[in-house]
There are 2 protein chains.
Amino acid sequence: MKLSSRTEYGVRAMIELAEAHGGGPVAVREVAEKQGISEKYLEQLFAALRKEGLIASQRGAQGGYTLAKAPGDIRVGDIVRALEGPIALCDCLANGEDDAVCHRMGECAAHPLWVKLQDGITSILDSTTLQDMIAGASGDSANDMGGNSEEESRDEQDLP
Amino acid sequence: MKLSSRTEYGVRAMIELAEAHGGGPVAVREVAEKQGISEKYLEQLFAALRKEGLIASQRGAQGGYTLAKAPGDIRVGDIVRALEGPIALCDCLANGEDDAVCHRMGECAAHPLWVKLQDGITSILDSTTLQDMIAGASGDSANDMGGNSEEESRDEQDLP
DNA sequence: AGTAAATCCTACTGATTCGGTAGGAATTAT
DNA sequence: ATAATTCCTACCGAATCAGTAGGATTTACT
């Protein structure tokens, strides 16, 4: 249960682009420096994000990257999937639907829990957009996975 | 976003013990065979589960493992933590509290989301007990396992 | 008492993933 | 032309993961 640096970096970088949205393209170097990420590594993450159509590139001098859509149209889930592939807690959930085939299917009492967990995760990640994040709140729109997240991260836009 | 085999195996094995709860101890070999897990590997997982007080062992012939508490008192979250350590999506969430110190904290717009995600995951894992899982075993039944109701896992009909 | 069945303990291993580096080709604003 | 930049692909060291190995210890059963 740990985020990969890939995901952490990717999301932070996308936030950076979101904040620059509307202006010109931003170079990898700039994002890497601001966020303290290896430039060459981030380059690779951007390649993946670009392949999935989340960002667009402008080559050559003064070039860089821009969001391919409005910040409100890019969900964190999209970023995670672009960087890590489909969110599938275990192989038997790869399809995401109930026709998924578990090799031990009939016997696996844990299966329903994994489904629930995966749905919960997906639903949180997909209900938060870049816009939500740069607005300073964790966007929790209509979606509360029954969690104890009653703690509405109010006005604490920047963390301690 | 993938469960380790460690977690998958551990939970499945614990379900096995839960189903045998009330009877005598169950040998590692038996669980390993039923669940298709390497015996020697499972042995190590059991060592961790035992260290955390989730299961108890009986050495020697006819020995084996039993749950250390009632199935309704063992949460999936406990199992995950015993096997993988504290659930912390990223280092800055290690404490689980808001005094967590992010090295880039002032600037990290993603932080509130990670907090929310981690809370969501924890809340699902901690609101489901072994009892919940074996109650809804074997497929069907509109699975509402361990809803976040916090109530359900109360009445355990222990075997004699 | 002897033996077989079991936990316990610790070390090793092979494969894979992860985070990062390296170097250079292609493109483009100035 | 040149400098800045994306793009592409290969490689690398360390860590983690899943599993193996071997044996010491404990205990029930006969």
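This one's a predicted model, so the numbers in the text were calculated from it and none came from an experiment. Quick note: numbers below take in every heavy atom, side chains included, and nothing from hydrogens, waters or symmetry partners. Sequence lines set the chain letters: A, B, ... in the order given, protein chains first and strands last, and positions in each chain run from 1.
- With Arg6(A) contributing its side chain and Glu84(A) its backbone, the two residues share no donor-acceptor pair below 3.5 Å.
- Using a 4.0 Å cut-off, no side-chain N or O of Tyr41(B) falls inside it from OP1 or OP2 of dT13(C).
- The 5' end of DNA chain C is approached more closely, in terms of each residue's nearest nucleotide, by Gln62(B) than by the other of Gln62(B) and Gln62(A).
- Remark: side-chain polar atoms of Arg50(B) are not paired, donor with acceptor, to backbone N or O of Ser57(B) under 3.5 angstrom.
- If you check every strand for non-hydrogen atoms under 4.0 Å, Tyr9(A) touches sugar and phosphate atoms only.
- Distances shown here put a side-chain N or O of Ser57(B) below 4.0 Å from the OP1 or OP2 atom of dC8(C).
- Distances shorter than 4.0 Å separate some side-chain N or O of Gln58(A) from OP1 or OP2 on dA29(C).
- Going from atom CD1 of Ile37(A) over to atom P of dG20(C) covers 9 Å, rounded to whole Å.
- Note on Tyr65(B): only backbone sugar-phosphate atoms sit closer than 4.0 angstrom, heavy atoms only; bases stay farther off.
- The backbone N or O of Ile87(A) sits less than 3.5 Å from a side-chain atom of Gln118(A), completing a donor-acceptor pair.
- Rounded to an integer number of Å, the gap from Arg29(B) CZ to dT7(C) P is 9 Å.
- At the phosphate of dT17(C), neither OP1 nor OP2 sits under 4.0 Å from any side-chain N or O atom of Ser4(A).
- In this structure, Lys2(B) places its NZ atom 8 Å from P of dA18(D), rounding to the nearest Å.
- Residue Arg6(A) places none of its side-chain N or O atoms closer than 4.0 Å to OP1 or OP2 of dG20(C).
- Across every non-hydrogen atom of Arg12(B) and Cys108(A), the tightest pair is CD-SG, 4.2 Å.
- Within the 4.0 Å cut-off from OP1 or OP2 of dC7(D), at least one side-chain nitrogen or oxygen of Arg50(A) is found.
- What separates CG of Leu45(A) from C1' of dC7(D) is a distance of 14 Å, to the nearest Å.
- With DNA chain D read from its 5' end, the first of the two nearest nucleotides for Glu84(B) and Gly60(B) is the one closest to Glu84(B).
- Side-chain contact of Asp132(B) with Thr129(B): a donor-acceptor pair under 3.5 Å is present, judged by distance alone.
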